[in-house]
Each structure stands twice: as structure tokens, then as C-alpha cells.
Colleague: 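First the structure, which I've put down as C-alpha cells, then a few questions once you've had a look.
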There are 2 protein chains.
Amino acid sequence: MSSNTPSVARQQDEAVAAGNVSPQERLSIGAAFSPLYRQIKALILQSLDRGEWKPGEAIPSELDLAARFKVSQGTVRKAIDELAAENILLRRQGKGTFVTTHHEERVRFRFLRLCPDDGPQVGSDSHYLDCRRVRAPAEIARLLDVKTGDSLVQIRRRLSFSGKPTIIEDIWLPGALVKGLTYERLSDYKGPLYGLFETEFGVRMIRADEKIRAVAAGPAESSVLNLQEGTPLLQIERVSYTYGDRPVEVRRGHYCTANYHYLSNLN
Amino acid sequence: MSSNTPSVARQQDEAVAAGNVSPQERLSIGAAFSPLYRQIKALILQSLDRGEWKPGEAIPSELDLAARFKVSQGTVRKAIDELAAENILLRRQGKGTFVTTHHEERVRFRFLRLCPDDGPQVGSDSHYLDCRRVRAPAEIARLLDVKTGDSLVQIRRRLSFSGKPTIIEDIWLPGALVKGLTYERLSDYKGPLYGLFETEFGVRMIRADEKIRAVAAGPAESSVLNLQEGTPLLQIERVSYTYGDRPVEVRRGHYCTANYHYLSNLN
DNA sequence: TAGTGGTCTAGACCACATA
DNA sequence: ATGTGGTCTAGACCACTAG
């Protein structure tokens, strides 16, 4: 086993064997109990975060990981089960376990919940309107957990479905995370934006929260989407997170829902 | 073991032992492979569906269920794991596994994703405006998987937060499912509507899909919510499902998002 | 103290993909 | 034929709750 892959100490054994604390004490001193498989999960997440296995690649087999961490295969399985449930890993029977990637038709609509009212799901065309450095407004800075005035990259784009302009959105990211991102680079790129962030900058979106409101189209929205001012639009504010729940992107979009709807599943 | 709780046959053993088909054939004849724990899950769902264990009650312990179905505890565990992940069952360490119920503060906002822009989540007050029998319009009938013209119950209500009218919605259910539901019964009832359906009519909502649009307030919305006509509102169409993915309720609501937003989590 | 769910292990075998 | 993930079992022990 290499020195940078620490074996996992069983808390119980270690604590009790060391004679320092009893199982009871372990709880009372505030050391949060965390089962072995969660520690394994955390270690796997660390490896993903530092890029040991890249999106699209396979991670080591369960038996390999079990040997590496000195636990049983079942414990590794349970750790991977949770990561797969969170769409961070993807299991493929007979082939291996893979790091999910935003370069996949299959996953294109995981973060884009707009569906046509009738007919099948259809791809979107991005048209980039702007890309520049800005100083973080207080409101955006708070969401990104950076200081007001810090350097951000701001992108404005228009999304069309079947040729019809449907979404206009502004996107902000910390400038340090996407150094070298230019308007040309965006315009030349084909595919999902999160795919570009992933491969070009090593920034991987894991999950996002969206706040949805109904608003009236203003001048910007009406001209870009070719609508009358005052047309009701969905305003969607998204905060996207990478590993460790670190916020790395804010979007504010306006969606025309004349022929499309936002789909939400309640479980 | 009682006669109405069949033991689960291991497909492999049964088929091979019977000498009819080989494991290879089993697949080719189209008998879909389903692991044991999914068969157990289906049996538990059947018991829930026919009311053997009611919302709020505990189901038998894992060891009891294992004995009943003649499988190992681990297999029962995996079946229950999935049901717990779907919010159908709720595990409480040391106490047992319980059937989830809509009578719980904890679960009040599982199906109501409207949050105040600032401040803590707050309860809602229902004011019932109407409750009557109607013939199913084609559009609603299709969603409920019944025939156009079938008898439905239609409910109209207004929801207020902190005294401010915020939501108006129409609700349709198959009349046969909620026999005896009257306006008085609704008005006297305190608590979530799904709680009433659950305890009074044995209709339990398991999950729901919502389609969201932005629309302009019409006459009905503006008068009930005390808004100007044309104010942008969220229009939310919900279809709720009970066991076996049977649709049992359609809602069409209009939400004022001046001080609230709809929260959606993308994973 | 007894009963419940939660964790961890070891081993056997099945299903699937690939060479 | 080999290696991967998927299922199932049996047993030991831990964590939590309640009588």
C-alpha cells in the first residue's frame, strides 16, 4: 500500500485498544460517530476531488479498494452505493465503476429540467452573448462565499430549442477557478457548459439548488427572447456546488414557458 | 407461517430444480430477472397497499419479516433500504421501521416546495372555497387514467402564509376514492390535505410530478389572491401517485412568488 | 435487560462484459 | 477464461430505545 493512501482505523478498536476512552466516552467527548463505510466514502471523495480519477474514467475495482483501505468488499460497496446514489459515480455491471461526466447524452438533462409540452426531449443550442471579468456584486459574492469585489467571470448566453430562443441566463464563477476562459473559447465549444468546466478547468458540478419565481420580462429578456415586455417568465436562480459543498457557480436565468415546462419530481 | 404470506421462491433454485428450464433459458423465455430483495420489496408494498400496516404504525421487525418470507435478514434489509429511500418507510434505530404518514411536521414540506425568501419556513392556512362532484374533463381524465365524464370530486382552495393569500388551486380526485367527502368535512379539518386522504379514505400519496410554468394572473387568480390581473404567477400542475404508480390526484395551482420561491434540488 | 435497527466481515455464487 | 459488479447468506458485534 502506498504511503499516501492511509488505511482506515476502526474507531472502536483503536479507541478501546488505546485505552484512552471507552465507547461511551467517545460519544460524550463529541467525536461524532461515523461508520467505516462513511470514512471510506470520504476517502474516495478526496481522491476524486484531487483528480486521482477523472470524469469518465473507471475507479479501481471494489476488491482493489478493499485491499487499499484494508476493509472488506462489503464496506467499500456501501460507500460506493451512496456515491452512486448521489450520481457522483456510475456502476456498470461487468465493466467497473466510473466517475460520472457531464459529457454524456444520458446526463444532459440532469441539470436542465425544461421539457417540451409535447414531443420528445430535444437538444439545446447555446449562443454566447458575453464573457468578461467583473467585480463580485454583494449579492453574488454572498452566494459564492467570496468577498464583495472579488474577481468573477460573468457569462451571458441564450439557449434555443429547435431554433426558438427560450432561455437567457447570466452565469458567474470565481475568476480563479476558470483562468483563461474567453469569449472565443466559449463560442467555439460545442456541448454542455459543465462539460467544458470539467475538462478544461477541473471544476466538477455535483449538485445544485434552484429557486424559482414568476416575473415579467424586462427589456433585456424581451429583446433577446423576442418577446413582448411583461410576458411572464420563469426566473431561476441556481447555485451549483462541487465536492465538499463548495459553491462554485451562480446562474440567474429567465425561461420562456410558452411551449416548455419545468419538471420537478417530488418523492 | 400463515397461508396468506407466501414464501418467496428463489427463481434460480426453483427453475433448475424443477428441471424445466436452465438458467440460460430462464432469460431467453423473457422471465425478467428480479433479485430476491425486489420480490420481498414487492410483497411489502402489497401489504402496505392492502392496509396490513397503516401509516404511522411499525411494520414487523427485520428478523420477523425474514422468517415470514424465509430469507435472510440482509435480504429484508435491502428491500427496506429501498422503501426507506423512497420515503415510504421510515427507520428509527432502536425502535423499529414505521410507515410514513403525512401527519408529521417533519414531512409537511415534502410536497409543498414554496419557501419564504427570508425567514424560517412557516405553516400554511387552508381556506376551502368549493367542493363538488363534476364530470371529468378530457384533459384531467387522461392524467388520472379514467374515462372522460367519469365522476370526480373537485376542490378549490386558497392557501395563505402568515395571513397572506399566496396559492389558489383546483384539485381533482376520482369520486370513488373519496366517497363522502364534503365541503363541511374539509372546512372542519385541520392539517394537511394528504393527511385527511390518508386517514379518512385510505388513499396514500407516495410521489408526485409537477410541471411548472409562468403565466399571467386571470380574473379568478387576481380576485382570490388580491392581485392585479396580469401579475406573473407560477402555474403548477401536479399529478400525485399512490402505490403501483397509480395516479389518484391532479392539482392545478397558481402561486404568487412576490415573497416566496419554489425550491428545487438537482442531484 | 431485551429488542430494534446499523455495521462489518467472509465466503459462495450469479450476471454481465471482454478478451 | 477472467474480471467486474450484483446477490444472498450467516454470524458477530455496535448503537439506540424502552421497560
Side-chain angles (χ1 to χ4, degrees), chain A residues 7-17 21-28 31-41 44 57-67 69-85 89-99, chain B residues 7-17 21-28 31-41 44 57-67 69-85 89-99:
Chain A
S7 76
V8 176
R10 283 157 196 74
Q11 294 183 345
Q12 306 89 317
D13 300 353
E14 192 179 51
V16 174
V21 294
S22 71
Q24 313 289 352
E25 281 179 283
R26 189 160 42 76
L27 292 175
S28 62
F33 171 71
S34 157
L36 246 189
Y37 73 87
R38 280 203 193 280
Q39 302 176 44
I40 303 301
K41 181 184 175 186
I44 294 174
E57 293 178 5
I59 70 171
S61 76
E62 295 177 350
L63 282 173
D64 286 350
L65 289 172
F69 298 129
K70 297 204 181 308
V71 299
S72 76
Q73 184 188 7
T75 300
V76 172
R77 268 196 81 71
K78 188 144 186 182
I80 294 180
D81 278 345
E82 291 201 351
L83 292 167
L89 295 179
L90 176 63
R91 321 187 79 138
R92 293 193 227 178
Q93 190 174 7
K95 301 181 74 174
T97 300
F98 297 78
V99 184
Chain B
S7 76
V8 176
R10 285 160 194 71
Q11 296 180 344
Q12 307 87 319
D13 300 352
E14 193 179 52
V16 174
V21 293
S22 72
Q24 312 292 349
E25 283 180 283
R26 188 161 41 78
L27 293 175
S28 64
F33 170 72
S34 158
L36 246 189
Y37 73 86
R38 279 204 194 279
Q39 301 175 46
I40 303 301
K41 181 184 175 185
I44 294 174
E57 293 179 5
I59 70 172
S61 76
E62 294 177 351
L63 282 174
D64 285 351
L65 289 172
F69 297 130
K70 295 202 182 310
V71 298
S72 76
Q73 185 188 8
T75 299
V76 171
R77 266 195 83 71
K78 188 143 186 182
I80 294 179
D81 278 345
E82 292 202 350
L83 293 166
L89 295 179
L90 177 63
R91 322 187 79 140
R92 294 194 224 176
Q93 190 175 6
K95 301 181 73 172
T97 300
F98 297 78
V99 184

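A note on names: the letters A, B, ... follow the listed sequences, proteins ahead of strands, and every chain is numbered from 1. Scope of the values below: all heavy atoms of this structure, side chains included, with no hydrogens, waters or symmetry mates.
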Colleague: Going from CD1 on A/Ile40 to CG on A/Leu83, what distance comes out if it is rounded to the nearest 0.5 angstrom?
Modeller: 11.0 Å
Colleague: Tell me: CD of A/Glu62 to P of C/dC13, nearest whole Å?
Modeller: 19 Å
Colleague: Search all heavy atoms of B/Ile44 against all heavy atoms of B/Leu65 and return the closest pair with its distance.
Modeller: CD1-CD1, 4.5 Å
Colleague: What's the CG-P distance between A/Leu63 and D/dT4, to the nearest Å?
Modeller: 7 Å
Colleague: Using a 6.0 Å distance limit plus a 45 degree cone around the ring axis, check whether B/Arg91 lies over the aromatic ring of B/Phe98.
Modeller: no
Colleague: For D/dT7, does OP1 or OP2 lie under 4.0 Å from any side-chain N or O of B/Lys78?
Modeller: yes
Colleague: I'd like a table of atom pairs between the protein and nucleotides 10-12 of chain C - only N or O on both sides, under 3.5 Å - with the distance next to each one.
Modeller:
none

Colleague: Identify the stems formed by DNA chain D, where each pair is Watson-Crick or G-U wobble with both distances under 3.5 angstrom and a stem is at least 3 consecutive pairs.
Modeller: C:1-18 with D:1-18
Colleague: Please state how far atom CZ in B/Arg77 lies from atom C1' in D/dT7, giving the value in whole angstrom units.
Modeller: 16 Å
Colleague: So, taking the atom named CG in A/Leu36 and the one named OG1 in A/Thr75, what distance separates them when rounded to the nearest 0.5 Å?
Modeller: 6.0 Å
Colleague: May I ask you to verify if any side-chain N or O of A/Thr75 is less than 4.0 angstrom from the OP1 or OP2 atom of C/dT9?
Modeller: yes
Colleague: Would you kindly give the OH-to-C1' distance between A/Tyr37 and D/dA15, to the nearest whole Å?
Modeller: 13 Å
Colleague: Flag the pair B/Val76 / B/Leu63 as yes when at least one side-chain heavy-atom distance between them is below 4.5 Å, and no otherwise.
Modeller: no
Colleague: Would you mind reading off the distance between A/Phe69 atom CZ and C/dT9 atom P, rounded to a whole angstrom?
Modeller: 13 Å
Colleague: When you look at A/Val99 and A/Leu90, which way does the side chain to side chain contact (heavy atoms under 4.5 Å, CB included) test go after all the steps?
Modeller: CA-CA 6 Å; A/Val99 184; A/Leu90 176 63; over 6 Å; no
Colleague: Take the protein atom NZ of A/Lys41 and the nucleotide atom C1' of C/dC8, then report the distance between them rounded to whole Å.
Modeller: 18 Å
Colleague: Is the shortest side-chain heavy-atom distance between A/Arg92 and A/Thr97 below 4.5 Å?
Modeller: no
Colleague: Could you check whether any side-chain N or O of A/Glu82 sits under 3.5 Å from a backbone N or O of A/Lys41, counting only pairs where one atom can act as donor and the other as acceptor?
Modeller: no
Colleague: What is the distance from atom CD of A/Glu62 to atom CG of A/Asp64, rounded to the nearest 0.5 Å?
Modeller: 10.5 Å
Colleague: Near DNA chain D, counting only heavy atoms under 4.0 Å, which residues of residues 90-98 of chain B show up?
Modeller: B/Gln93, B/Gly94, B/Lys95
Colleague: Of the non-hydrogen atoms in A/Tyr37 and A/Ala79, which two are nearest, and what is the gap between them?
Modeller: O-CB, 3.3 Å
Colleague: Quick one: A/Glu82 CD to C/dC8 P, roughly how many Å, whole number?
Modeller: 11 Å
Colleague: In whole Å, I'd like the distance from the CZ atom of A/Phe33 to the P atom of C/dT7.
Modeller: 7 Å
